[in-house]
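Remember, it's 1-based here, ligands and their atoms both numbered in the order they're listed.
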Amino acid sequence: MKIYNTFTRSVEEVVPLHAGNNIGLYACGPTVYDYAHLGHLRKYIMDDVLIRVLRHSGLTVTHVMNITDVGHLVSDADEGEDKMEKGARKYGKSVWDIAKEFESFFWKGLDAVGVSRPDISCRATDHIAEQIMLIQTLEKRGFTYILDDGLYFDTSKFPEYGQLAKLDIEKLKAGARVEMVHGKKHPTDFALWKFSSKNEKRQMEWDSPWGKGFPGWHIECSAMSMKYLGDQFDVHTGGIDHIPVHHTNEIAQSEAATGKKPFVKYWVHHNFLRVDGEKMSKSLNNFYTIDDVIQKGFSPMALRLLYLSAHYRDELNFTWDTLAASQTAGDRLVQMASGWKKEEGRTELSGEKLEKIEEYRSRFFTAIEHDLHTPEAVAVLWEMTKSNIPSKDKYDLLCEFDEVLGLGIAGAVSQSNGNEKKVPVPQDIAKLATQRWQAKQTKDFTIADLLRKKIEDNGWVVTDNEAGYIVKKKT
Ligand code: AMP
Ligand code: ZN
């Protein structure tokens, strides 16, 4: 397996850091102040594919993910409100309540799109003691200074600061405006512990050796990753927005605390899901959630298939039309697979067909094991479906590919076969479907779309395929 390492700006073979076969992988989790959106799902689906590919290639993976439920401020400059307090005000609830609610919503979305749960998930608020201990180590080693509003990390004491993002520290210094600094010694210095304001009562605050307050956002990821994976581990993932500040700061504080032991071997960063040319984000309020996908009658797996069509390091623009195309493609795949599965027995395989199977397998895994080139891998999959290898072998190969794609093909096939047997299509729905089909034949697409909607409003889904169309109960 090879992966692009942001630290070295090159695609590298993944070799476990420690003796043995295990990969320690830490994924920056969500800040639970609002609904997890389709942008988040893109990031966690692609993490899931990465983990599946690593496991498929014979490695074991310990997957740790944090839940940020305190300390992530609205501004990266250690100013402004805590996003959690802002979210609590927006929804008129307590910070603790929204943290719980939005964390559940996040897991619900991940479950829907087939993302396996991490081996360990850890909340920042459950690890205050670990964060305080790490800050104490930094203090003892002389990396901190205190200001009115908190305890800060002095980045000038860590000369390697900014290597991950290739930051030009001199330029940053020259560009910093004095009023932005607020007593910080250097523009890149960052808060390790923030004090509660004297004028305002915070809902989340803890005692510390420096005063009542709360941890800075970056320290949680260093404290929890090192607690569960050790001072040095293999893979750390996050969105590309984390490169210049969050991950840069994680490296500085972790390595400063451990005496410059290289913190992480492979840094993996995902590009954004966009909508109308802008990053889909909670703060821009331009987001859709998994509930929108389901309410519009799409299956969460169509979303997963859509995401697999783009490389994780490229931007992807979200539209409902591309999701609809992906739904049609996914349904077609499940339908073909159902047909293959029903064909009993295996025909004798000629040497030529065996070679073809091996060729598809090899091309598929070469693409996906090379920096997760899912678009190429999925193209091989489609090519395989059109080949002349026996149906039973197509089915087996598809299921093998799906071990890393995670579309849940085998489950969908049994469901669709079960559906065909157990849930007969009611007469009125069947009639609507026939009328829709006739409208399509006469190219009356407006009527056809209206009829499709009517069918969907009644809890059924109609999908076209090579042989005509099928009607299934909505899942
Ligand atoms: P947050 O909840 O903002 O802390 O983000 C959690 C993770 O989701 C981070 O790794 C972000 O980079 C990632 N993320 C947020 N928005 C998007 C998006 N539109 N597309 C892809 N990843 C995103
Ligand atoms: Zn993080």
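- His246 contributes NE2 as its N, O or S atom closest to the Zn ion (ligand 2).
- When heavy-atom distances to ligand 1 are checked against a 4.0 Å cut-off, Tyr33 has no atom that comes that close, whether in backbone or side chain.
- Among the backbone and side-chain atoms of His218, no N/O/S atom is found under 2.8 Å from the Zn ion (ligand 2).
- Numbered from 1 in the order shown, with element, the atoms of ligand 1 that lie under 4.0 Å from a heavy atom of Lys282 read 2 (O).
- Across Met46, His242, His247, His40, heavy-atom proximity to atom 9 (C) of ligand 1 is greatest for His242.
- Of the N or O atoms in Pro30, none lie within a sub-3.5 Å distance of an N or O in ligand 1.
- In this structure, of Lys279, Lys43, Glu278, the residue bringing a heavy atom nearest to atom 17 (C) of ligand 1 is Lys279.
- Considering backbone and side-chain atoms together, Arg42 places no N or O closer than 3.5 Å to any N or O of ligand 1.
- Within the listing of ligand 1, atoms 18 (C), 20 (N), 21 (C) sit less than 4.0 angstrom from a heavy atom of Phe272.
- Here is the list of ligand 1 atoms found below 4.0 Å of a heavy atom in Gly29: 4 (O), 6 (C).
- The distance criterion of under 3.5 Å between nitrogen or oxygen atoms is met by Gly239 with respect to ligand 1.
- Near Asn271, the atoms of ligand 1 lying under 4.0 angstrom from a non-hydrogen atom of the residue are 21 (C).
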Check the pair Glu220 / Gln131 against side chain to side chain contact (heavy atoms under 4.5 Å, CB included), numbers first and verdict last. CA-CA 6 Å; Glu220 70 172 87; Gln131 295 175 73; 3.4 Å; yes

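- Between Asp82 and Arg202 the shortest side-chain heavy-atom distance falls below 4.5 Å.
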For Thr125 and Asp69, what are the C-alpha separation, side-chain angles and deciding distance, and is it a side-chain hydrogen bond (donor to acceptor under 3.5 Å, both in side chains)? CA-CA 6 Å; Thr125 52; Asp69 54 359; 2.5 Å; yes

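- Atom 19 (N) of ligand 1 has as its closest protein heavy atom Met280 O, 2.7 Å.
- For Ser281, no nitrogen or oxygen atom sits less than 3.5 Å from a nitrogen or oxygen atom of ligand 1, counting backbone and side chain alike.
- Of all atoms in ligand 1, listed by their number and element, those nearer than 4.0 Å to a heavy atom of Tyr44 are 6 (C), 7 (C).
- Nearest non-hydrogen protein atom to atom 20 (N) of ligand 1 is Leu273 N, 2.8 Å.
- Each of the following atoms of ligand 1 lies closer than 4.0 Å to a heavy atom of His37: 16 (N), 17 (C), 19 (N).
- If you look at Trp267 and His246, their ring centroids are not closer than 6.0 Å.
- In this structure, the side chains of Thr68 and Trp217 come closer than 4.5 Å at one or more pairs of heavy atoms.
- Remark: ligand 1 atoms within the under-4.0 Å shell around heavy atoms of Asp241 are 11 (C), 12 (O).
- The Zn ion (ligand 2) has an N, O or S atom of Cys28 inside 2.8 Å of it.
- If you number the atoms of ligand 1 from 1 as listed, the ones under 4.0 Å from a heavy atom of Gly238 come out as 10 (O).
- Considering backbone and side-chain N/O atoms, Thr31 comes within less than 3.5 Å of an N/O atom of ligand 1.
- At least one cation-pi condition fails for Lys265 and Phe7: the charged atom is not both under 6.0 angstrom from the six-membered ring centre and inside a 45 degree cone around its axis.
- For the residues Cys28, Ala36, Gly39, the heavy atom positioned nearest atom 18 (C) of ligand 1 is part of Gly39.
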